[in-house]
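No hydrogens, no waters, no symmetry mates; every other heavy atom, side chains included, goes into these values. Everything numeric here is computed off the predicted structure, so don't read it as measured data. All chains are named by letter (A, B, ...) in the order of the sequence lines, taking the proteins before the strands, and each is independently numbered beginning at 1.
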Amino acid sequence: MAILPRGASAARRVGVRAACGLQATDAAHIMPRKSQVLDVMLDPRLLRNDPHAVATALARRGFEFDADAYAALDARRKALQTRTEELQAERNRRSKAIGQAKAAGEDIEPLKAEVSGLGDQLEAAKRELDAVQTEQDEIRSGLPNLPHDGVPDGLSEDDNVELRRVGEPAGFDFEVRDHVEIGEGLAGMDAAAAAKITGARFTVMKGGVARLHRALIAFMLETHTAAGYTELNVPYIVNADSLFGTGQLPKFGDDLFRLAEPADYYLIPTAEVPVTNLVADSIVEAEALPLRFVTHSPCFRAEAGAAGRDVRGMIRQHQFEKVELVRMVHPDDSEAALEAITASAESILQALELPYRVVALAAGDMGFAAGRTYDLEVWLPNQRTYREISSCSNFGDFQARRMGARYRDPDTGKPRLLHTLNGSGLAIGRALVAVLENHQQADGSVAIPAALQPFMGGITRLAPAGQAAAAQ
RNA sequence: GGAGAGGUGGCAGAGCGGUUGAUUGCACCGGUCUUGAAAACCGGCAGGGGUUCACGCCCCUCGUGGGUUCGAAUCCCACCCUCUCCGCCA
């Protein structure tokens with residue numbers, strides 16, 4: 001049974017596959033296919049009718065868009081398209097006339113001779129049009145989403161706006177350890193072993209720490225499904241189409257682990273990719289909205305631009321796990337849905353008794369596809385700072401347009417782009433770090449938050465190696 | 001991996017190379033009838049794009065790409081996907 005109605009037509013998406021069917025070349029070549037495909041990113045009409053407004057909006061993100069050049073290109077496109085379609089119409093008319101003449105038993109040879117020149121003209125016009133459209137598509141697929149009106153101005157994280165703080169950082173009357181020290185003390189965290197097996201930025205977890213990691217996953221899935229999210233289990237390997245749909249491609253291939261063999265697939269950088277793409281290429285019935293999904297998955301990131309950052313511990317790994325929340329909603333509901341998805345993520349932090357703050361990202365600090373983003377940052381006592389543990393974004397129709405995700409408007413009967421959102425609920429590795437650090441005790445043990453204890457066989461603390469196992 | 005079958009509108013399912021972008025059924029929307037509903041009957045109903053103030057007109061799309069032809073859902077080639085049987089396998 002299908003989870004979602006799949007559009008059998010699949011008329012769109014001629015796109016990426018065709019365009020990048022050219023093997024393991026550069027991921028940057030991945031493009032939507034021209035014309036009749038709706039996976040261009042920003043609304044093509046907005047781009048055509050008011051390119052300067054687009055340029056102004058994108059400038060808030062620090063993105064330069066040459067509106068005049070684009071407008072000039074579009075003028076060429078228009079002329080070429082008109083000419084091409086006129087030629088096609090002419091050819092269709094004549095061919096139809098030949099058919100009728102033949103049916104009437106007339107001699108069609110003279111008619112055929114008349115049409116012969118048309119073919120060449122048409123082919124030439126098509127080629128030209130094709131080139132211009134390809135150029136336009138390349139530009140469009142590289143344009144980030146427009147920031148929502150309410151997004152704070154600014155180009156860097158320094159311009160982010162703190163919305164609220166929840167929970168008081170605990171006072172410690174001993175020297176606060178970081179999670180690496182705590183994890184090693186518990187004999188539960190081993191970076192050296194992972195380095196031997198693989199390399200840098202991996203960790204082997206063991207015993208109580210591994211169990212705590214698993215408990216966090218189970219607790220989060222339980223909490224979110226109880227709140228109405230439908231649990232999913234999805235592929236961790238995806239194709240280029242899916243990554244284009246959510247916006248990782250064509251621009252951010254460097255952040256991905258790519259499997260060139262035996263197939264040109266990618267490891268997912270987040271479950272957002274497979275889950276959001278469930279609605280790719282389909283028309284969802286209006287009553288089915290909102291769709292709310294939760295899934296647990298590993299995430300694989302090359303961290304290409306992060307050399308030297310967060311090298312110690314589990315903050316920044318090539319492989320980590322995450323519980324992800326995804327919603328597909330009616331366009332009118334996406335603003336409220338962002339608040340709701342953020343609240344879902346916050347409920348986990350509250351249950352885990354972790355102090356955190358909520359930050360509205362500035363226009364220039366948001367991800368490529370996001371129209372508005374709230375980050376949740378958890379308090380890390382050793383670093384004496386708040387660190388990102390969840391990112392909740394409203395993508396508006398940006399991803400929906402790229403992947404062809406629509407719902408049927410009951411009033412008009414016509415398909416319309418739906419809105420997509422997602423948020424981490426939460427990143428498991430960082431949640432583990434936060435629990436270890438915030439709930440550490442003077443003796444090196446770690447108190448298990450009450451909410452987690454049922455998923456830990458009822459134990460209330462993790463004890464350092466050498467101490468008696470676990471208190472009841 | 002081997003052998004076979006197949007991919008057509010929201011779904012199901014037709015379609016001698018020529019007024020077929022596509023018969024029909026279901027679903028859906030509107031109407032008649034009814035106190036109301038159901039049934040019955042009548043009508044409407046694929047997606048995308050261009051152009052137009054608008055009515056409308058035009059182009060593209062029958063898995064994807066290419067080829068043959070004046071003309072392709074229909075013929076040819078390649079690829080992708082699905083199903084059945086066999087092999088392998090958690």
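Of the possible donor and acceptor atoms, none in the side chain of A:E321 sits under 3.5 Å from a partner among the backbone N and O of A:A427. In this structure, A:T56 contributes its side chain and A:H52 its backbone to a donor-acceptor pair below 3.5 Å.
Note: A:F293 and A:Y229 fail the aromatic proximity criterion, with ring centroids not under 6.0 Å apart. Residues A:F300 and A:Y236 place their aromatic rings such that the two centres sit no closer than 6.0 Å.
Phosphate proximity of B:rC59 to A:N92: present, with a side-chain N or O under 4.0 Å from OP1 or OP2. Distances shorter than 4.0 Å separate none of the side-chain N or O atoms of A:R93 from OP1 or OP2 on B:rG71. In terms of phosphate contacts, A:K414 brings a side-chain nitrogen or oxygen within less than 4.0 Å of OP1 or OP2 of B:rG47. Dashed line: the shortest gap from a side-chain N or O of A:K78 to OP1 or OP2 of B:rU51 is under 4.0 Å.
Spacing between atom CZ of A:R408 and atom C1' of B:rC28 amounts to 9 Å, rounded to whole angstrom units. If you take NZ of A:K126 and C1' of B:rG67, they are 13 Å apart, rounded to a whole angstrom. Atom CG of A:D241 is separated from atom P of B:rU64 by 13 Å (rounded to the nearest Å). In this structure, the CD atom of A:E285 is 18 Å from the P atom of B:rC45, given to the nearest Å. Rounded to whole angstrom, the span from the CZ atom of A:R77 across to the P atom of B:rC59 amounts to 17 Å. Computed from coordinates, the A:N239 CG to B:rC79 C1' distance equals 15 Å when rounded to whole Å. If you measure from atom CZ of A:R83 to atom P of B:rC59, you get 16 Å, rounded to the nearest angstrom. Rounded to whole Å, atom C1' of B:rG71 lies 13 Å from atom CD of A:Q88.
If you check every strand for non-hydrogen atoms under 4.0 Å, A:Q81 touches sugar and phosphate atoms only.
Both A:E86 and A:K102 lie close to RNA chain B; mapped to their nearest nucleotides by heavy-atom distance, the more 5′-ward contact belongs to A:K102.
Taking every side-chain heavy atom of A:R91 into account, B:rC70 is the closest of B:rG47, B:rC70, B:rU51. Of the candidates B:rG49, B:rU19, B:rC70, B:rU19 carries the atom nearest the A:K96 side chain, counting heavy atoms from C-beta on. With distances taken from any side-chain atom of A:I98 to the nucleotides B:rC58, B:rG49, B:rG18, the minimum falls on B:rG18. In this structure, of B:rC81, B:rC59, B:rG48, it is B:rC81 that holds the atom nearest to the side chain of A:Y265.
With sequence neighbours left out, A:N422 forms a side chain to side chain donor-acceptor pair (under 3.5 Å) with A:E272.
Using the six-membered ring where Trp is involved, A:F368 and A:F252 have ring planes that are perpendicular, over 60° apart on the 30 and 60° scheme. In this pair, A:F257 and A:H318 present their aromatic rings perpendicular. The plane angle is above 60°, beyond the 30 to 60° band.
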Using Watson-Crick and G-U wobble pairs with both distances under 3.5 Å, what is the 5'-to-3' dot-bracket string of RNA chain B, with [ ] for crossing pairs and | for pairs outside the strand?
-> ((((((((.[[[..)..(.....]]].(((((.......))))).((((((....)))))).[[[[[..)....]]]]])))))))....
So A:D153 and A:R60, salt bridge (Lys or Arg N to Asp or Glu O under 4.0 Å) or not? Walk me through it.
-> CA-CA 7 Å; A:D153 285 321; A:R60 292 189 65 206; 2.9 Å; yes
